[in-house]
Amino acid sequence: MPELPEVETVKRGLSRLIVGKSIVDVISDNPKSFPNSKQDVESFLLESSVLSVRRRAKVLIIDLSTKYSLVIHLKMTGQLVYINYDDIRFGAGHPSDSLVGKLPDKSTRVEITFSDKSKLFFNDQRKFGWMKLMPSDEIVNLPFMKKVGPEPLDQSFTSIDFISRFRRRPGTSIKAALLDQSVIAGVGNIYADESLWGAKIHPKRIVSGLSDSELSILYREVRDVMNLSIEKGGSTNRNYVDAEGKKGSYMDFARVFRREGLDCPRCGEQIIKFKAAGRGTHVCPVCQVL
DNA sequence: CACTTGACCTGTCCGC
DNA sequence: TGCGGACAGGTCAAGT
């Protein structure tokens, strides 16, 4: 899933839905998805309550009253879906109504129950994702957190910052650099292709060959595309759903991603697909030249 | 050192 | 309908 806009959408949903709730039970089916000792779970997760939900890059952080946090990476197919059975019984009409009776399913890796009987399901078809319990103040020491680049949507993150970060990777392709989380945080395959199309830059161009002005346009595109996607609730390419099980609609607005064979919305040429930086890559061959 | 490729898993889709 | 292979939103380890 889950690039920055999708994780941000889940974060906003969970902030609204689970802050203040107390955890009373946890079931997990897979040690890779939930690599926590029974002792830690009993001491720091059960009977704790949720203080806040945060996001850094594509990582979600649920802070608990025990000064521990659940650190969660959804990787490709992870979902976090909350269901409040009382809301449904009383006819509050939440989107998650349609999921009642469907979860847990065979992709459910962790099921967290709150004191009001509502539940949070961590589903992950491919089992790449994980949900790790750790002391809140140790999160910054995780290797990923130490190396991850700045948040591109932060107010304080300027085009000057963007350009100087990319200048540190002069020899690589612009698509590989965009996907590299240590350059800037949160861009994945969808938004890399979408923003490169917006900036009229071919994904295989080498960073050193790009002008400051081109990088500055790319900076704006990255931010515009991800802000638009957050507004649309993210992209549901395959598995992604938000905290209430709803799909995101950014794919309806995508200009190149998964649109191979269709017309470029700018010039009408057919979109093509090939492999770049090891990933399926979508390009308008007229707007984006090597 | 900088950069690229393979592995981690399961499910789906496409061609034979 | 069945089967093999390619491919899928991310990140790390191992390779060049």
Side-chain angles (χ1 to χ4, degrees), chain A residues 1-10 28-35 55-60 71-80 104-110 122-132 142-149 165-196 203-209 222 225-226 229-230 232-242 247-254 256-261 272-282:
Chain A
M1 106 168 198
E3 305 182 27
L4 187 154
E6 289 74 32
V7 181
E8 177 64 21
T9 302
V10 173
S28 64
D29 82 328
N30 180 317
K32 234 189 99 183
S33 304
F34 194 73
R55 177 189 62 76
R56 173 74 172 104
K58 300 171 190 171
V59 176
L60 265 171
V71 181
I72 304 160
H73 203 306
L74 300 169
K75 293 287 181 84
M76 306 279 255
T77 54
Q79 306 175 330
L80 280 172
D105 66 17
K106 68 186 295 190
S107 76
T108 301
R109 309 294 166 219
V110 187
F122 172 38
N123 304 323
D124 185 15
Q125 180 181 101
R126 290 172 78 178
K127 301 181 185 172
F128 289 172
W130 41 261
M131 179 180 272
K132 177 131 187 69
L142 288 172
F144 177 87
M145 291 299 181
K146 285 194 158 173
K147 74 172 190 197
V148 71
R165 301 289 301 182
F166 280 84
R167 291 290 176 222
R168 291 158 49 148
R169 316 306 298 272
T172 196
S173 70
I174 185 62
K175 173 143 182 181
L178 271 172
L179 294 175
D180 184 340
Q181 300 299 293
S182 71
V183 177
I184 59 167
V187 179
N189 206 34
I190 297 175
Y191 304 109
D193 283 6
E194 290 290 292
S195 57
L196 287 167
K204 288 190 171 176
R205 287 183 62 195
I206 303 304
V207 174
S208 61
V222 166
V225 158
M226 294 211 288
S229 183
I230 291 170
K232 301 300 174 192
S235 297
T236 296
N237 182 15
R238 296 190 145 74
N239 299 271
Y240 169 73
V241 293
D242 71 12
K247 296 178 175 185
S249 67
Y250 178 84
M251 289 302 286
D252 297 341
F253 301 83
V256 284
F257 193 80
R258 287 201 93 196
R259 296 191 73 250
E260 59 270 29
I272 57 169
K273 182 180 181 184
F274 52 85
K275 196 154 267 204
R279 315 296 300 277
T281 297
H282 310 76

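Atom set for the values below is all heavy atoms of this structure, side chains included, hydrogens, waters and symmetry mates excluded. Below, chains carry the letters A, B, ... as their sequence lines are ordered, and counting in each starts from 1.
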Using a cut-off of strictly less than 4.0 Å, decide whether [X] has a side-chain nitrogen or oxygen near OP1 or OP2 of [N].
| X | N | answer |
| --- | --- | --- |
| A:H73 | C:dT11 | yes |
| A:K75 | C:dC12 | no |
| A:K106 | B:dG11 | yes |

Measure [atom1]/[X] against [atom2]/[N] and give the value in whole Å, please.
| X | N | atom1 | atom2 | result |
| --- | --- | --- | --- | --- |
| A:I72 | C:dT11 | CD1 | C1' | 17 Å |
| A:E260 | C:dC7 | CD | P | 12 Å |
| A:R55 | C:dG10 | CZ | C1' | 15 Å |
| A:W130 | B:dC9 | CH2 | P | 16 Å |
| A:D180 | C:dG10 | CG | C1' | 12 Å |
| A:N30 | B:dT10 | CG | P | 9 Å |
| A:I184 | C:dG10 | CD1 | P | 13 Å |
| A:Q79 | B:dT10 | CD | C1' | 14 Å |

Return the nearest nucleotide to the side chain of [X]; candidates are [options].
| X | options | result |
| --- | --- | --- |
| A:K273 | B:dG11, C:dA8, C:dG10 | C:dA8 |
| A:K58 | C:dA8, B:dG11, C:dG10 | C:dG10 |
| A:M76 | C:dC12, C:dT11, C:dG10 | C:dG10 |
| A:N189 | B:dC9, C:dG10, C:dC12 | C:dG10 |

**OP:** Could you list the residues that satisfy ring pair (Phe, Tyr, Trp, His ring centres under 6.0 Å) with A:F274, not counting sequence neighbours?
**Re:** A:H202
Subject >> Ring-ring centroid check A:Y250 A:Y191, cutoff 6.0 Å >> reply: yes
Distance check, [atom1] atoms only: [N] and [M], in whole angstrom units.
| N | M | atom1 | value |
| --- | --- | --- | --- |
| B:dC9 | C:dA14 | P | 15 Å |
| B:dT5 | C:dC7 | P | 14 Å |
| B:dG6 | C:dA6 | P | 12 Å |

Subject >> Reading 5' to 3' through nucleotides 3-8 of chain B, protein heavy-atom contacts under 4.0 Å coded B for base, S for sugar-phosphate only, - for none >> reply: SS---B
Original post:
Do A:S182 and A:D180 get their side chains close enough for a donor-acceptor pair, meaning under 3.5 Å?
Top reply: yes
Original post:
Using a cut-off of 4.0 Å on non-hydrogen atoms, how would the nucleic acid contact of A:G129 be classed: base, sugar-phosphate, or nothing?
Top reply: nothing
**OP:** Would you indicate what A:Y191 reaches in the nucleic acid, counting non-hydrogen atoms under 4.0 angstrom: base, sugar-phosphate, or nothing?
**Re:** nothing
Original post:
Parallel, tilted or perpendicular: which fits the ring planes of A:W130 and A:H73, with parallel below 30° and perpendicular above 60°?
Top reply: tilted
Original post:
Closer to the 5' end of DNA chain C via nearest nucleotide, is it A:S235 or A:F144?
Top reply: A:S235
**OP:** Report the residue (A:G280 or A:Q181) whose heavy-atom-nearest nucleotide on DNA chain C is the more 5′ of the two.
**Re:** A:G280
Original post:
Should B:dC9 form a Watson-Crick or G-U wobble pair with both distances under 3.5 Å, which nucleotide is its partner?
Top reply: none
**OP:** Run the salt-bridge test on A:D29 and A:R109 with the 4.0 Å N-O cut-off and return the result as yes or no.
**Re:** yes
Subject >> salt_bridge(A:K175, A:D193) N-O dist < 4.0 Å >> reply: yes
Original post:
Can you check side chain to side chain donor-acceptor pair (under 3.5 Å) on A:S235 and A:N237, steps first, answer last?
Top reply: CA-CA 6 Å; A:S235 297; A:N237 182 15; over 6 Å; no
Original post:
Checking side chain to side chain donor-acceptor pair (under 3.5 Å) for the pair A:N239/A:T77: CA distance, chi angles, key distance, verdict?
Top reply: CA-CA 6 Å; A:N239 299 271; A:T77 54; 5.4 Å; no
